[in-house]
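Here the structure is laid out as C-alpha cells; the discussion comes afterwards.
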Number of protein chains: 2
Amino acid sequence: IPQSHHAGTGPQSARRNQPFLTPPEEEEGGGGMGRGKIEIKRIENQSNRQVTFSKRKNGILKKAKEISVLCDAEVGVVVFSSAGKLYDFCSPRTSLSRILEKYQTNSGKILWDEKHKSLSAEIDRIKKENDNMQIELRHLKGEDMNSLQPKELIMIEEALDNGLTSLHEKQMEHYDRLVKHVCMS
Amino acid sequence: IPQSHHAGTGPQSARRNQPFLTPPEEEEGGGGMGRGKIEIKRIENQSNRQVTFSKRKNGILKKAKEISVLCDAEVGVVVFSSAGKLYDFCSPRTSLSRILEKYQTNSGKILWDEKHKSLSAEIDRIKKENDNMQIELRHLKGEDMNSLQPKELIMIEEALDNGLTSLHEKQMEHYDRLVKHVCMS
DNA sequence: AGCGCTATTTATAAAAG
DNA sequence: TCTTTTATAAATAGCGC
C-alpha cells in the first residue's frame, strides 16, 4: 500500500535503510530534522502532549490486545486523556467488571460491595468446567501433552481409538448407503 | 558495556546493521539463529507463552507508566496471567477505584449495580461455549454422530488422526527415555 | 523466574499535508 | 485533529546462563 512514488529513478536495488551518510538533500532548506529520544517527563507543549497521547494510547491498547491473544491473559486497560476523554480495552471473553471482580479477589482491595459474589462464583465454576473441557479437547488434538504421564497418554490413546472406531462405522454406513443408491439407479 | 566481541573482522566502518549476507561465522556450529516476527495468535508452547507474557507484561506496565507521566493521563491497567497471577498499574496521584468511578461516569456503564446484566450475559456466553465444546468432545469420542455429513466426519477423522500422531510421538519420547534409563542402570 | 545478548520487528517523534 | 512519511528509539523473540 505505501509503496510511494519513486519516479523511475532506475534500478533501485533491494537495499533499504540507506542511513544518511550525506543528508540526501533537506526537503526544505528549513531546519528541523528531528525525531529522537525524549525523556519520560511531562510534555509541556500541550499540542505535542495531545499528539503523543493519541499515539501512545493506541500503542497501549494494541499491546494489551496482543498480550491477551498471545498469552491467553485477561487484561483490562482504562485510560483518560488529560482532557478527560476515556479509552479502554478489555480482553475478549470477559468484561471489565469481571476483571475488576477478579482483581478484588486477588488483591484484597475492595472496589465495591459483595452483592454479586454468588453470580461471580457461578461464573468461576462454569469457567473451570470450561477450562477442563478445553484441556481435554487440546489433549485429544495432540496439543499440550508435555505434562502428561504415560498412563494418561494411554487413556487418551484409547479415547482416540474409540473415537476413530465409532467414526469409521459411521462412515461405513454412509458408504453403504451411497453404494446402494448408485446400484439402484 | 555491551560492546561484545567482534574479533577484529577488519575495518568495520561506522556502518551498522550489516544484515547478514553471509552469516559471519556461526558462533557455534549449532543451529539457532532465530528472532523473528510472530503472528498474533495464542502461543501454543506453554513455556514460550509464559516467557512472552512476562516480557510483554513488563512492557505494557512500562508503557502505561510512560503515558501517564508524559501525557498527564490517568491510566489503570490490570493483567492476569493465564495462571491467574495478578499484575497492575495505576497512575500516580489516583487509585483504581477513582479511575473506575470516573470510568462509570464517563462511559455510562455502571460497573457495580449493572453488573448483574453483564454477569448473566457472560454466564450465557460461557454456557454456550461450554455446549459447543461438549459437542466437539462428543464427536471426537465418536458419539452423537448421526446428524453429521460425510464431510464433517472426514474433518473429525483428520482431527483424530492428527491427535493420534502427536500422541504417538509423545509416547515414543517416553519410551525412549525409559529405554535410556534402563540401559544406564 | 530472571538477566544478558542481538537481529528484527515495532512503536513513535517530528514534519508536513 | 487525523494521516502519512521517515529516521530513530524501543520492544522483543529466541537463545544461553
Side-chain angles (χ1 to χ4, degrees), chain A residues 1-7 15-67 69-71 73 81-83 85 87, chain B residues 1-7 9 12 14-67 69-71 81-83 85 87:
Chain A
I1 299 173
Q3 192 57 338
S4 53
H5 35 159
H6 256 268
R15 70 178 320 183
R16 52 175 185 174
N17 241 357
Q18 168 68 293
F20 65 111
L21 303 180
T22 39
E25 309 169 329
E26 212 58 59
E27 189 75 55
E28 285 184 305
M33 63 80 195
R35 299 72 166 283
K37 179 174 184 172
I38 60 171
E39 47 174 341
I40 305 302
K41 54 167 294 200
R42 185 188 139 100
I43 297 173
E44 290 305 329
N45 180 295
Q46 153 142 25
S47 173
N48 285 346
R49 189 165 70 240
Q50 167 55 39
V51 171
T52 292
F53 173 80
S54 179
K55 289 179 179 177
R56 283 178 174 257
K57 175 257 300 171
N58 290 333
I60 287 193
L61 297 183
K62 184 176 176 190
K63 288 286 185 190
K65 185 170 197 165
E66 291 183 349
I67 197 177
V69 173
L70 285 172
C71 308
S81 71
S82 58
K85 193 164 179 185
Y87 303 87
Chain B
I1 298 173
Q3 194 57 340
S4 53
H5 34 166
H6 254 269
T9 317
Q12 50 159 311
R15 69 182 317 187
R16 50 174 187 174
N17 241 355
Q18 167 69 294
F20 63 110
L21 303 181
T22 40
E25 311 169 325
E26 213 57 57
E27 189 73 58
E28 288 182 301
M33 64 76 190
R35 301 70 166 288
K37 180 173 184 173
I38 60 172
E39 46 174 341
I40 305 302
K41 53 167 294 194
R42 184 186 136 102
I43 296 172
E44 289 305 327
N45 180 292
Q46 155 141 27
S47 174
N48 285 345
R49 189 165 69 241
Q50 166 57 39
V51 171
T52 292
F53 173 80
S54 181
K55 287 180 178 180
R56 280 176 176 258
K57 177 257 301 169
N58 290 333
I60 285 193
L61 296 183
K62 183 176 175 189
K63 287 287 185 188
K65 186 169 196 165
E66 291 183 349
I67 196 176
V69 173
L70 284 172
C71 308
S81 71
S82 58
K85 193 162 178 185
Y87 304 86

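The basis for the numbers below is simple: all heavy atoms, side chains too, and nothing from hydrogens, waters or symmetry mates. Naming: A, B, ... by sequence-line order, numbering from 1 per chain.
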Notebook entry, point to check: Partners of A:N48 by side-chain contact (heavy atoms from CB on, under 4.5 Å), sequence neighbours excluded?
Noted result: A:I43, A:N45

Check: In whole angstroms, how far is the C1' atom of C:dT10 from the CD atom of A:E66?
Finding: 9 Å

Notebook entry, point to check: Once you round it to whole Å, what is the distance between C1' of D:dG14 and CD of B:Q46?
Noted result: 18 Å

Notebook entry, point to check: Can you check the B:N45 CG to D:dG14 P distance for me, whole Å?
Noted result: 10 Å

Item checked: Protein-nucleotide distance (B:I40, atom CD1; D:dA11, atom C1'), rounded to Å -> 13 Å

Check: Residues in salt bridge (Lys or Arg N to Asp or Glu O under 4.0 Å) with A:E44, at least two apart?
Finding: A:R42

Notebook entry, point to check: Of the candidate nucleotides C:dA11, C:dA14, D:dA9, which contains the atom at the shortest distance from the side chain of A:K37?
Noted result: D:dA9

Notebook entry, point to check: OP1 or OP2 of D:dA10 less than 4.0 angstrom from a side-chain nitrogen or oxygen of B:K63, does that happen here?
Noted result: no

Item checked: Straight-line distance of B:I60 CD1 to A:I60 CD1, nearest 0.5 Å -> 7.5 Å

Next item on the list: Using whole Å, report how far CD1 of A:I38 lies from P of D:dA9.
Entry: 12 Å

Item checked: Atom-to-atom span, CD1 of A:I43 to P of C:dA14 - whole angstrom -> 8 Å

Margin query: What is the distance, to the nearest angstrom, from the CD atom on B:E44 to the C1' atom on D:dG14?
Written below: 18 Å

Check: What is the minimum heavy-atom distance between A:C71 and B:R49, and which atoms define it?
Finding: CA-CG, 3.6 Å

Next item on the list: Let me know the distance between NZ of A:K65 and P of C:dT10, rounded to the nearest Å.
Entry: 16 Å

Checklist line | Contact list for DNA chain D against residues 48-62 of chain B - heavy-atom distance below 4.0 Å | finding: B:T52, B:K55, B:R56, B:G59, B:K62

Next item on the list: Kindly write out the residues that satisfy side-chain contact (heavy atoms from CB on, under 4.5 Å) with B:K85, not counting sequence neighbours, or none if the list is empty.
Entry: B:S81, B:Y87

Next item on the list: Just jot down the salt bridge (Lys or Arg N to Asp or Glu O under 4.0 Å) partners of A:R56, sequence neighbours excluded, or say none.
Entry: B:E66

